[in-house]
Amino acid sequence: MVAWKNMDTLASYQELAKAEKVNLVSAMSGENGAERVKNYSVPMGAEMDFNFGARPVDDNILALLADFAKEAQLTEKFAALYNGEVINTGEKRRVLHHMCRGQLGDAVIADGVDKREFYVGEQKKIAELANKVHAGEITNAAGEKFTTVVQIGIGGSDLGPRAMYLALENWAKVNGTLKMKAEFISNVDPDDAAGVLSKLDLAHSIFVLVSKSGTTLETLTNESFVKDALAKAGLDASKHMIAVTSETSPLAKSADYLAAFFMDDYIGGRYSSTSGVGGAVLSLAFGPDVFAQFLDGAAEADVLAKNEDLLKNPALLDALIGVYERNVLGYPNTAVLPYSQALSRFPAHLQQLDMESNGKSVNRFGEPVDYVTGPVIFGEPGTNGQHSFYQLLHQGTDVMPLQFVGFRNSQMGSDVVIQGSTSQQKLCANVAAQIMAFACGKQDDDLNKNFAGGRPSSIIIGNKLTPKALGALLAHFENKVMFQGFAWNVNSFDQEGVQLGKVLAKRVLAHETDGALKVYSDLLGI
């Protein structure tokens, strides 16, 4: 039986807070640094490794973190989650996104249904539709193949699937699996939908409407925008649209769609990329086989997250080092820095995943906590970020932990030798240099040129960004966020913080306003 306790009530946390801190500059210098980098590395599946040599830990801190993990029952709580206990206390729901990619424990029967069988069944239906679209068995009214798929959704229905598509688009081009171009409409700003529609060949486009409830205001508004454009082009919208929704939503059995694929309340939006929310658009874009490889990578990372040995569980290790940095060392932010242009939108997805999950100030029982919880997450791909915000990371007043991601090989394989090295070698040289520059700094009598160092980072290193590697990368961060939520004793699976603004927006649109809200509404011309 697991016990849900606030972190500051645990004896192991008190010991961790008292432990001697690591001098990162000294630890990463010379042969000491070389040994750390060699030894502080953990396999994380899909031919990738989590290297934490430049994080502010040593063997003593790691032992204390292992004690904390045991006392906080973190792997037991994960087991409770994948075995179907009600972990989302705010909404009184199970949390089952792991079952989209594998059976980690006992069969979970909910609402009279085996949930693993349900998710696999929906994946098979999506695969069948995608194969028929690619084969020309499902076509537009003129009998012509669809060439573009457009996802209409917001939040978790957009950020994750968009990031995953962009991550694999070039890989698919090289490997001959790019079946259809994908576009995304998310913002209720009419310029978003209008801009996407203006570059589409509407007659050859199929649209995926994603809304679990079937009532998401922004998504339904954009659906109407699209339907209006299709009608003006003389096209029957019902022949161009499919839905991903819940079985109980108003979209489920509507004649407005070619097909409907189902998810349920046990999969939160920000955790839905491996469900039909990502499955439909990714299967249409790349083919069901590629999506299956993506799921395999996620499943591989999930299995590692079950391990009770901290040094064989990269997601748990990453999570607990992050808790130590946040709560003991007092670092408020974390930068995610992928040295891969394909991962250009991955930090944006992680912003939602992390900040919507653990941006909480009350525990699972609705009681205020006396410690800080989730950090601010931001990031951009390297090397672009180096010419943007790295100045603050190197010499600013706040120390911010950094999470690098890098690959030895490019996706497309094309490169050129300039000044004795290829572009890919230059990219990798930059990430290696940045890790050491942040960790060790540079002493200079001119303080304007002085780098204090002591800025911690880790790096996930892989051979190449493939579908399987992407799945493992996604699951690693999902599981990291989950473990941190468990450590902080917060509910990482609801998002009440997004609701108030929605309620007030409806009041504005209904002209039921007064005070400052009315003045702002008037200023905006509503």
Query raised in the report: Between the main-chain N or O of Leu251 and the side-chain N or O of Ser254, is there a donor-acceptor pair closer than 3.5 Å?
Result: no
Report task. Using distance alone, with no hydrogens and no angle criterion, decide if Arg408 and Asn463 have a side-chain donor and acceptor under 3.5 Å apart. Result -> yes
Query raised in the report: Just by modelled atom types, is the Leu209 backbone N or O under 3.5 Å from a matching donor or acceptor in the Gln151 side chain?
Result: no
Report summary line: Between Lys480 and Ala319 the two heavy atoms that sit nearest each other are O-CB, 3.4 Å
Query raised in the report: Do Phe262 and Phe118 have ring centroids that are under 6.0 Å from one another?
Result: no
Requested in this report: Calculate, to the nearest 0.5 Å, the distance between atoms CD1 and CZ belonging to Ile460 and Phe50 respectively.
Outcome: 6.5 Å
Report task. Find the distance between CZ (Phe486) and CG (Asn491) and round it off to the nearest 0.5 Å. Result -> 9.5 Å
Query raised in the report: Are Ser492 and Asn358 linked by a side-chain donor-acceptor pair shorter than 3.5 Å?
Result: yes
Requested in this report: May I ask you to check whether Tyr390 and Glu380 show a side-chain donor-acceptor distance below 3.5 Å?
Outcome: no
Query raised in the report: Between Pro401 and Asn333, which heavy-atom pair has the shortest distance, and what is it?
Result: CD-O, 3.0 Å
Requested in this report: Answer whether the closest heavy-atom distance between the side chains of Thr334 and Met400 falls below 4.5 Å.
Outcome: no
Query - Side-chain heavy-atom pair Val362, Val369 within 4.5 angstrom cut-off - result: no
Query raised in the report: Does Lys227 come within less than 4.0 Å of Glu223, counting only side-chain N to carboxylate O?
Result: yes
Report task. Indicate whether the side chain of Ser211 and that of Thr216 have a donor and an acceptor atom separated by less than 3.5 Å. Result -> yes
**Report entry** Worked verdict on Leu284 versus Leu129 for side-chain contact (heavy atoms from CB on, under 4.5 Å)
**Finding:** CA-CA 8 Å; Leu284 284 164; Leu129 177 128; 4.1 Å; yes
Query raised in the report: Is any side-chain heavy atom of Leu402 less than 4.5 Å from a side-chain heavy atom of Leu393?
Result: yes
Requested in this report: Please work out which of the three classes, parallel, tilted or perpendicular, describes the rings of Tyr165 and Phe184, given edges at 30° and 60°.
Outcome: tilted
**Report entry** Side chains of Thr147 and His204 in contact at under 4.5 Å (non-hydrogen atoms)
**Finding:** yes
Requested in this report: Look at the side chain of Arg326 and the backbone N and O of Thr373, then say whether any donor-acceptor pair between them is shorter than 3.5 Å.
Outcome: yes
Query - CG-NE2 distance between Asp354 and His349, expressed to the nearest 0.5 angstrom - result: 10.5 Å
Report task. Begin from the C-alpha positions of Ser275 and Cys100 and carry the test side-chain contact (heavy atoms from CB on, under 4.5 Å) through to its verdict. Result -> CA-CA 6 Å; Ser275 76; Cys100 291; 3.7 Å; yes
Query raised in the report: Judged by modelled atom types alone, do Asp398 and Tyr331 share a side-chain donor-acceptor pair under 3.5 Å?
Result: no
**Report entry** Spatial distance of atom CZ (Arg364) from atom OG1 (Thr89) [nearest 0.5 Å]
**Finding:** 4.5 Å
Query raised in the report: Quick one: does Gln424's side chain have a donor or acceptor within less than 3.5 Å of a partner on Phe407's backbone?
Result: yes
Report task. Please report the C-alpha distance between Met241 and Leu258 in whole Å, then the side-chain angles of each, then the deciding distance to 0.1 Å, and finally whether the side-chain contact (heavy atoms from CB on, under 4.5 Å) criterion is met. Result -> CA-CA 6 Å; Met241 304 193 81; Leu258 280 165; over 6 Å; no
Report task. Would you indicate whether the side-chain heavy atoms of Leu282 and Val290 approach each other to under 4.5 Å? Result -> no
Query raised in the report: Does any donor atom in the side chain of Asp296 or Gln293 lie under 3.5 Å from an acceptor atom in the other side chain?
Result: no
Query - Trp488 and Asn363: side chain donor to acceptor below 3.5 Å - result: no
Report task. For residues Leu343 and Ala167, report the shortest heavy-atom separation together with the two atoms involved. Result -> CD2-CB, 3.9 Å
Requested in this report: Taking Ser249 for its side chain and Thr245 for its backbone only, find out whether a donor-acceptor pair lies under 3.5 Å.
Outcome: no
Query raised in the report: Between the side chains of Gln495 and Lys360, is a donor N or O closer than 3.5 angstrom to an acceptor N or O?
Result: no
Query raised in the report: For Asn384 and Gln341, what are the C-alpha separation, side-chain angles and deciding distance, and is it a side-chain contact (heavy atoms from CB on, under 4.5 Å)?
Result: CA-CA 9 Å; Asn384 291 14; Gln341 186 60 28; 4.2 Å; yes
Report task. Decide whether a cation-pi geometry holds between Arg93 and Tyr266; the criteria are a distance under 6.0 Å from NZ or CZ to the six-membered ring centre and an angle within 45° of the ring axis. Result -> no
Query raised in the report: Once the angle between the rings of Phe438 and Phe404 is folded into 0 to 90°, is it parallel (under 30°), tilted (30 to 60°) or perpendicular (over 60°)?
Result: tilted
Requested in this report: Evaluate the salt bridge (charged side-chain N to carboxylate O under 4.0 Å, His left out) criterion for residues Arg101 and Glu478: first the C-alpha distance (whole Å), next the side-chain angles of each, then the deciding distance (0.1 Å), finally the verdict.
Outcome: CA-CA 13 Å; Arg101 55 244 195 178; Glu478 288 181 348; 2.7 Å; yes
Query raised in the report: Is the count of non-hydrogen atoms from other residues, nucleotides or ligands lying under 6.0 Å from Tyr371 atom OH greater than 12?
Result: yes
N/O donor to acceptor pairs below 3.5 angstrom from side-chain atoms of residues 497-517, sequence neighbours left out:
unit_1: Arg507; atom_1: NE; unit_2: Glu512; atom_2: O; d: 3.3

Query - Spatial distance of atom CD (Gln123) from atom CD (Glu128) [nearest 0.5 Å] - result: 12.0 Å
Query raised in the report: Do Glu247 and Asp264 have side chains that get closer than 4.5 Å, going by heavy atoms?
Result: no
Query raised in the report: Arg270 side chain to Gly156 main-chain N or O, any donor-acceptor pair under 3.5 Å?
Result: no
Requested in this report: Identify the heavy atoms of Pro347 and Pro338 that sit nearest to each other, and give their distance.
Outcome: CG-CD, 3.9 Å
Report summary line: Closest non-hydrogen atoms of Asn222 and Ser186, given as atom of the first, atom of the second and distance, are ND2-O, 3.3 Å
Query raised in the report: If you look at every heavy atom in Pro381 and Ser344, which pair is closest and at what distance?
Result: CG-CA, 3.5 Å
Report task. Please determine, by modelled atom types, if Asp256 and Ser238 share a side-chain donor-acceptor pair under 3.5 angstrom. Result -> no
Requested in this report: Any ring pair (Phe, Tyr, Trp, His ring centres under 6.0 Å) involving residues 125-147? Give me the pairs, sequence neighbours left out, ordered by first then second residue.
Outcome: Phe146-His240
Report task. Could you tell me the separation between the CG atom of Asn175 and the CZ atom of Phe286, rounded to the nearest 0.5 Å? Result -> 11.0 Å
Report task. Indicate yes or no for a side-chain donor-acceptor contact from Asn409 to the backbone of Lys464 under 3.5 Å, with no hydrogens or angles considered. Result -> no
Query raised in the report: Around Lys239, counting heavy atoms of other residues, nucleotides and ligands shown, do more than 12 lie under 6.0 Å from its NZ?
Result: no
Report task. Ignoring hydrogens and angles, state whether a donor on the side chain of Glu137 or Asn131 is under 3.5 Å from an acceptor on the partner side chain. Result -> no
Requested in this report: Measure from the ring center of Tyr271 to the ring center of Phe493 and say whether it is less than 6.0 Å.
Outcome: yes
Report task. For Lys125 and Ala260, indicate whether the former's side chain and the latter's backbone hold a donor-acceptor pair under 3.5 Å. Result -> no
Query raised in the report: Would you call the rings of Phe483 and Phe78 parallel, tilted or perpendicular if under 30° counts as parallel and over 60° as perpendicular?
Result: perpendicular
Requested in this report: Give a yes-or-no answer on whether the side chains of Glu218 and Asn187 include a donor-acceptor pair shorter than 3.5 Å.
Outcome: no
Query raised in the report: Would you call Arg94 and Asp265 a salt bridge, using N to O less than 4.0 angstrom?
Result: no
Requested in this report: Please check if the side chain of Ser457 supplies one atom and the backbone of Ile435 the other of a donor-acceptor pair under 3.5 Å.
Outcome: no
Query raised in the report: Are Ile526 and Asp522 close enough that some pair of their side-chain heavy atoms sits under 4.5 Å apart?
Result: no
**Report entry** Leu427 side chain near Val431 side chain, heavy-atom distance below 4.5 Å
**Finding:** no
**Report entry** Under 3.5 Å: donor-acceptor pair, side chain of Asp302, backbone of Ala475
**Finding:** no
